[in-house]
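To start, the structure itself, in structure tokens.
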Number of protein chains: 2
Amino acid sequence: MANSLDTIFAALADPTRRAILSMLLEDDMAVTDVAEPFEISLAAISKHLMILTRAGLIAQEKRGRVKWCKLEPDAMRNASVWMQGFGQFEPVNLDAFERFLETELDSTPE
Amino acid sequence: MANSLDTIFAALADPTRRAILSMLLEDDMAVTDVAEPFEISLAAISKHLMILTRAGLIAQEKRGRVKWCKLEPDAMRNASVWMQGFGQFEPVNLDAFERFLETELDSTPE
DNA sequence: TAGACATTCAACCATTTGGTTGACGATCCC
DNA sequence: GGGATCGTCAACCAAATGGTTGAATGTCTA
């Protein structure tokens, strides 16, 4: 049920949720801290996080009264792989390939 | 306006629309032929095609009374590249990387 | 024990979405 | 010209979505 392309793509379709994912790229965060930069209510953020969780894009773990959110990249990779099936029509697709390599080399120093 | 991640991911979130894209992977098709395998009305299919077009995922061209639909892979690649930024958290991300290379090498014989 | 804090729940609202049906505008062909 | 075919438009409908507010739950701490 999680990881279905339906729920993954639907989750990614919202800019607030994509922004949350980008924030989690930096570090795991508590719900309140996730909500801080946005102008919508905490309850709304809570719903967004629920949708991301059901899609399998993040995982939430409660420690004490704080619920931590962390990225769960597997779901996104499933969707990414599905999409790559459509790249084969381009002459070469070098563009995406290069950027892929760049982020790969660029961001794994440790 | 087309090619925004919002509209692209929203378009991909519907199983009917993903099925249409897969069909177009085989060949360009007329609207009526796109609709044939589905059990919903032609008008509904027409709406789906409009959404895919606005997202930039397909292009439609009218020749005579027939409107041809063809895949437009650039939009999907934009989304794919965005998503690949999230792969870096995996230990290595070799899985997606390999498949990426495979489809790349596998499908560009000409 | 009493607040204060972190988060969700419940009820509600407006808008969007995916579907329907029927009428309509083009276009092809006899 | 007239009928069949291709596709969209318009009006409508039910359900889902993204937001709100206020109350409720659970946990930490003074």
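To find a chain, count down the sequence lines: A is the first, B the second, and so on, and within it residues start at 1.
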Just to be sure I understand the rule, does Ile51(B) reach a base, reach only the sugar-phosphate, or reach nothing, if contact means heavy atoms closer than 4.0 Å?
sugar-phosphate
Starting at atom CG of Leu49(A), determine the distance to atom P of dT7(C), rounded to an integer number of angstrom.
9 Å
Where do Ile51(B) and Ala11(B) come nearest, in terms of heavy atoms and distance?
CG2-CB, 4.0 Å
Does Arg17(B) use its side chain to pair, donor to acceptor, with the backbone of Leu12(B) at less than 3.5 Å?
no
Quick check: does any side chain N or O of Thr53(B) sit under 3.5 Å from a backbone N or O of Leu49(B), one acting as donor and the other as acceptor?
yes
According to a strict under-4.0 Å criterion, is Ser46(A) in side-chain N/O contact with OP1 or OP2 of dT8(C)?
yes
Side chains of Thr32(B) and Glu36(B) only: does a donor on one sit below 3.5 Å from an acceptor on the other?
no
Please give, in whole Å, the distance from dA15(D) P to Asp14(B) CG?
17 Å
Answer with base, sugar-phosphate or nothing: what part of the nucleic acid does Arg17(B) contact at a heavy-atom distance below 4.0 Å?
sugar-phosphate
Counting the atoms with a prime plus P, OP1 and OP2 as sugar-phosphate, which does Lys62(B) contact under 4.0 Å by heavy atoms, base, sugar-phosphate, or nothing?
nothing
Hey, is the side chain of Ser41(A) poking within less than 4.0 Å of OP1 or OP2 on dT20(D), counting only N and O atoms?
yes
Atom pair distance, as rounded to whole Å: CZ in Arg63(B) and C1' in dA26(C):
17 Å
What integer distance in Å separates Glu36(A):CD from dC5(C):C1'?
16 Å
Could you tell me the separation between the CZ atom of Phe9(A) and the P atom of dA16(D), rounded to a whole number of Å?
21 Å
Taking for Trp68(A) and for Lys47(A) the nucleotide of DNA chain C with the nearest heavy atom, the one nearer the 5' end belongs to Trp68(A)
Look at the side chain of Arg65(B) against the base of dT5(D) and say whether a donor-acceptor pair falls under 3.5 Å; ignore hydrogens and angles.
yes
Taking atom P of dA6(C) as reference, at what distance in whole Å does atom CD of Glu61(A) sit?
18 Å
Contact class for Ala43(B) vs. all strands (heavy atom < 4.0 Å): base, sugar-phosphate, or nothing?
base
Nearest of dG7(D), dT8(C), dT20(C) to any side-chain atom of Lys67(B)?
dG7(D)
Lys70(B) bridged to Asp27(B) by N-O distance under 4.0 Å
no
Spacing between Leu52(A) atom CG and dT7(C) atom P, to the nearest angstrom:
15 Å
For Ala30(A), report the nucleic acid contact type (base, sugar-phosphate, nothing); a contact means any heavy atom under 4.0 Å.
sugar-phosphate
Nearest-Å distance for atom pair CG/C1', residues Leu42(B) and dA23(C):
14 Å
Taking only side-chain nitrogens and oxygens of His48(B), does any of them come within less than 4.0 Å of OP1 or OP2 of dT17(C)?
no
Nearest-nucleotide 5' precedence on DNA chain D, Thr16(A) against Asp33(B):
Asp33(B)
Joint hydrophobic cluster, Phe86(A) plus Leu5(B), side-chain heavy atoms closer than 4.5 Å
yes
So what does Ile40(B) touch, heavy atoms closer than 4.0 Å: a base, only the sugar-phosphate, or nothing?
sugar-phosphate
More 5' along DNA chain D: Met50(B) or Ala10(A), using each one's nearest nucleotide?
Met50(B)
